[in-house]
Amino acid sequence: MKIAKTISAARAFVRDARRPIVLVPTMGALHQGHSALIRRARRIAGEKGSVVVSIFVNPAQFGPKEDFSSYPRPIEADESVCREAGADLVFRPEAAAMYAADASAFVDESRLSMGLCGASRPGHFRGVCTVVAKLFLIVQPDAAVFGAKDWQQLAIIRRMVRDLDFPVKIIVHPTVREADGLAISSRNAYLTPDERAAAPGLYAALRGAATRNTPAAIVREAERRIACIPGARLDYVRLVDSAALEPVRRLDHGTTLAAAIFLGRTRLIDNLQIPARS
Ligand code: PAF
């Protein structure tokens, strides 16, 4: 496995790499969820293709009061995860290499980014789209793998790829969960023992609510169940069209029940895909 710390080193790898090139963009602090994405990338690339993992804590997607400086950066452990899961290249640039101090060009998705997490994290998805577009331009992947846990991110990246004609196939990998249902996330490490014990309540609430028969009843039931999670503060619960992320009035096509809560200072997100019902 090679390591590239500069854009020119990554470009040199790409120039000689065998295709397909499959990219797994990450911010590091890699866990079993990321390993699953890298392994999936390996299967798609096959023995002959190339798997690139980017590790970059992207300052452009953190708000001023968010955890950019405290975000974990266990780079040696991350490189071992990449090696074991079958990566060929780890691209881990410094922030100064990715953004000029006076950078003033960004990629902005202006519709799907407005609601859900975008409403409470202004500018977040502009940062995500900008860095993912830059990674696509540097690594020139044939495919890129994203986790379903960040469903809004996935939908926005699909929209960006469609609207800007990136020749990249977007692969979605199912959310990897702990045995008790909690979606695995780097930020779970921030939870106190009491918060960790309460955290699986989020997914349980979404699952319980999805048994209701109308969109309004599903959202109401999710809110009611989340209100019963000890210490939880609701950010949002929405039932939306899975691609356009618009609120739905019917359940006759695939929908996404998405929620965010705070447990103490930690913000947790999760979602459930609800198949069409007649
Ligand atoms: O999902 C993440 O870890 C990040 O948002 C991503 C896609 C790597 C962009 O920084």
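Nothing here was measured: the structure is a model prediction, and the numbers come from that model. Each ligand, and each atom within it, is numbered from 1 in the order the structure gives.
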Chemist: Between Asn58 and ligand 1, does any nitrogen or oxygen pair lie at a separation below 3.5 Å?
Modeler: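 Checking ligand 1 against Asn58, no N or O pair falls under 3.5 Å apart.
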
Chemist: Give the atom numbers and elements of ligand 1 that come within less than 4.0 Å of a heavy atom of Thr26.
Modeler: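 Matching atoms, with element in brackets: 8 (C).
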
Chemist: Mind checking whether Gln61 has an N or O less than 3.5 Å away from an N or O of ligand 1?
Modeler: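 So ligand 1 has an N or O lying under 3.5 Å from an N or O of Gln61.
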
Chemist: At less than 4.0 angstrom from any non-hydrogen atom of Val131, what atoms of ligand 1 do you find?
Modeler: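 So the answer, numbered in order with elements, is 9 (C), 10 (O).
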
Chemist: Going by the order shown, which atoms of ligand 1 are within less than 4.0 Å of some heavy atom of Gln153?
Modeler: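 Ligand 1 atoms under the 4.0 Å threshold to Gln153: 1 (O), 2 (C), 4 (C), 5 (O), 7 (C).
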
Chemist: Keeping to residues at least two apart or across chains, list the salt bridge (charged side-chain N to carboxylate O under 4.0 Å, His left out) pairs with something in residues 75-91.
Modeler: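 Residue pairs with at least one partner in residues 75-91: Arg42-Asp88, Glu79-Arg92.
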
Chemist: Using a strict cut-off of 4.0 Å, indicate which atoms of ligand 1 neighbour a heavy atom of Pro25.
Modeler: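 Answer, ordered by atom number: 8 (C).
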
Chemist: Mind jotting down which residue pairs meet the side chain to side chain donor-acceptor pair (under 3.5 Å) criterion with at least one end in residues 198-209? Sequence neighbours excluded, please.
Modeler: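 Residue pairs with at least one partner in residues 198-209: there are none.
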
Chemist: Centre of Tyr99's six-membered ring, under 6.0 Å away, within 45 degrees of the axis: is that where NZ or CZ of Lys134 sits?
Modeler: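 Verdict for Tyr99: a cation-pi partner in Lys134.
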
Chemist: Report yes if some heavy atom in the side chain of Asp142 is under 4.5 Å from a heavy atom in the side chain of Lys169; otherwise report no.
Modeler: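 Side chain of Asp142 against side chain of Lys169, heavy atoms only: no contact under 4.5 Å found.
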
Chemist: Can you tell me how far apart CZ (Arg177) and CG (Leu182) are? Round to the nearest 0.5 Å.
Modeler: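 CG of Leu182 is found 8.0 Å from CZ of Arg177.
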
